Amino acid sequence: MNFKERDRKHLWHPLTQHKLHPEHLAIVKAKGVWLYDEDGKRYLDGISSWYTCMYGHSHPQIISRVKQQLDILDQVVFSGFTHPPAIELSEKLMSALPSKMAKIFFSDNGSTSVDVAIKMSLQYYFNRGQKRKRIIAFDNAFHGDTFGAMSVSGLSVYNGPFEDFLLTVDRLQVPDDHNLPVVLSNFKTMLDTGEVAAFIYEPLVQGAAAMHMYRPDHLEMLIKMAQEADVLTIADEVMTGFGKTGKNFASEYMHTQPDVICLSKSLTAGVAPMALTCCSQQVYDAFYDDEISKGFFHGHTYSANPLACTAAIAGLDLLTSEEIQNNIKRIHKRHLEFEQRIKSHKKVKQTRVTGVIFALDLDIKMDRYGNLRDQLYAFFMEKGVFLRPLGNTIYTLPPFVITDGELDLIYKVMEECLEIV
Ligand SMILES: *Cc1c(COP(=O)(O)O)cnc(C)c1O
């Protein structure tokens, strides 16, 4: 039996209806932008394995530092203890993050970083003697799959069974050139209740909403309004963080900084699961007290795992290197050129680019997980390119180390797929 067959016996995969999708391709090796299956066929990783491996798979610099760390300190309790990799990471990250950030809280994945941010906001007001029960989040938001994160997420087809158990959330339309006045007025009505603890958003790009992009100046108006109403702002940068929007963090596109930032995905360059909830001194100070119960009593066993911290330090060094910064600019420029070439094609409804993210909507109707989506996926894989269409949207978010020739391969299969739909 090969891996594909053995997989079926005991494994239950994420986000999968196994009756409809029983087969899972076994990837046995990955290097740079390439994934290799058990038959030796290779696939260009056009979405950086869900936006994690932004420096390519098994980057030598990251591997060698993690290997060194493995000989020194593998894992230790982070409550009562601290260690050099966590300290070094905090110092490095603080110099890269927006200046308002002052403290870093560790967890294990994007969803928990959001749950931590939500609990922080609720307790922030609780500690000040206010009971605030509402959170504002965007339509079609995606913030993860744990209960808090699921509550503020908007894609509810999958949340049906849990709806009765979710937090109280006010839904706001994502602003655009047409609805802006309505959005601002709805937002004001929500803030005026005085019951809102936080406004959470994915800055500039809503990944799971098929790479929906919106304007930084619109978002800035909302952040300002929230802060003027003494409501905490949470930037969920789990997807947008670490260079993908063209700046190190999408929050840098606004002058007004959020109170809390969530990070995960490419934080450890795809090496280990880890997440951070970063907050301002003001947020931290609401927990700093002689009374023990005012502290933040939340924690995960693997908080600040030294190997994950080391990978994150190596990743930050790469991100801030001239080579990677130039690559980000190059990929962005290539995306814009491709956009010019493809946008007037009769089967293309819309195209959009932010940083290294390129997306195009096909001018055809289909379900999010419909048949055509499977057909497109199979078409790309057959051509040796790993892309995961979302509904009628085809997009790429390639590793920063992708070459021009490899980018051409992605553009080529995207163009070819227009002929089969
Ligand atoms: C992926 C994602 C999450 C959830 O992260 P997990 O590590 O999958 O739990 C949260 N928010 C955003 C914006 C994401 O893209």
Side-chain angles (χ1 to χ4, degrees), residues 12-16 45 47-54 105-121 135-156 158-159 162 166-167 169 172 174 198-214 219 233-245 247-251 253 258 260-278 298 300 302-303 305 308 311-312 315 354-357 359 368 388 390-391 393 395-397:
W12 190 342
H13 288 263
L15 308 169
T16 301
D45 189 352
I47 62 162
S48 308
S49 289
W50 267 342
Y51 336 134
T52 56
C53 305
M54 296 310 298
F105 191 93
F106 285 92
S107 64
D108 306 338
N109 59 72
S111 306
T112 53
S113 77
V114 168
D115 272 39
V116 165
I118 291 171
K119 284 176 74 173
M120 244 178 213
S121 323
I135 316 269
I136 303 175
F138 278 136
D139 282 340
N140 301 321
F142 180 73
H143 296 291
D145 287 338
T146 51
F147 266 85
M150 186 168 55
S151 299
V152 287
S153 297
L155 302 173
S156 65
Y158 311 109
N159 294 349
F162 317 110
L166 303 180
L167 303 173
V169 174
L172 189 68
V174 182
F199 164 48
I200 185 167
Y201 54 89
E202 298 154 86
L204 269 53
V205 187
Q206 292 183 298
M211 298 295 158
H212 179 78
M213 296 175 190
Y214 65 104
L219 177 58
T233 49
I234 304 170
D236 177 354
E237 295 229 27
V238 169
M239 197 281 286
T240 54
F242 303 104
K244 297 177 203 95
T245 64
K247 295 189 191 275
N248 286 351
F249 301 95
S251 290
Y253 281 90
V260 179
I261 297 180
C262 300
L263 300 170
S264 187
K265 295 223 161 93
S266 60
L267 168 64
T268 66
V271 170
M274 188 166 79
L276 302 174
T277 308
C278 313
H298 180 107
H300 298 283
Y302 275 93
S303 291
N305 170 262
T354 298
V356 302
I357 310 167
R368 187 178 169 85
R388 279 177 67 100
L390 287 164
T393 302
Y395 74 95
T396 182
L397 198 169

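Note that ligands are numbered from 1 as they come in the structure, with each ligand's atoms numbered from 1 the same way. The model shown is predicted, which means the values in this text are computed figures rather than measured ones.
Annotation: cation-pi geometry not satisfied between Lys265 and Phe242 (NZ/CZ under 6.0 angstrom from ring centroid, within 45° of ring axis).
Proximity of Glu237 to ligand 1, defined as any heavy-atom pair under 4.0 Å, is not found for any part of the residue. Under 4.0 angstrom from ligand 1, the non-hydrogen atoms of Glu202 all belong to its side chain.
Scanning the protein heavy atoms around atom 14 (C) of ligand 1, the nearest turns out to be Lys265 NZ, 2.9 Å.
Annotation for ligand 1: atoms under 4.0 Å from non-hydrogen atoms of Asn109 are 7 (O), 9 (O). Every atom of ligand 1 with a heavy atom of Asp236 under 4.0 Å away is listed here by number and element: 10 (C), 11 (N), 12 (C), 13 (C). Atoms of ligand 1 lying under 4.0 Å from any heavy atom of Gly144, numbered from 1 in the order shown and given with element: 4 (C), 10 (C). Taking every heavy atom of His143 and a limit of under 4.0 angstrom, the matching atoms of ligand 1 come to 10 (C), 11 (N). Distances below 4.0 Å separate heavy atoms of Ser111 from the following atoms of ligand 1: 4 (C), 5 (O), 6 (P), 9 (O).
For the pair Val152 and Ile118, the minimum side-chain heavy-atom distance is below 4.5 Å. Inter-residue side-chain proximity for Glu202 and Phe138 is flagged as unmet; no heavy-atom pair is nearer than 4.5 Å. With contacts defined as side-chain heavy-atom distances shorter than 4.5 Å, the pair Pro203/Phe249 does not qualify.
For ligand 1, the polar-atom distance check against Gly110 finds a nitrogen or oxygen pair separated by under 3.5 Å. In terms of polar-atom proximity, Ser264 is not counted as a contact of ligand 1, lacking any N or O under 3.5 Å from an N or O of the ligand. Close N/O approach between Tyr51 and ligand 1 is not found [any backbone or side-chain N/O within under 3.5 Å].
Asp45 and Ser49 form a side-chain donor-acceptor contact under 3.5 Å, judged by distance and modelled atom types alone. Between the side chains of Lys244 and Ser266, at least one donor N or O sits under 3.5 Å from an acceptor N or O.
At least one donor-acceptor pair under 3.5 Å links the side chain of Thr16 to the backbone N or O of Pro14.
One distance of note links OG of Ser113 with CE of Met274; it measures 11.5 Å at 0.5 Å rounding.
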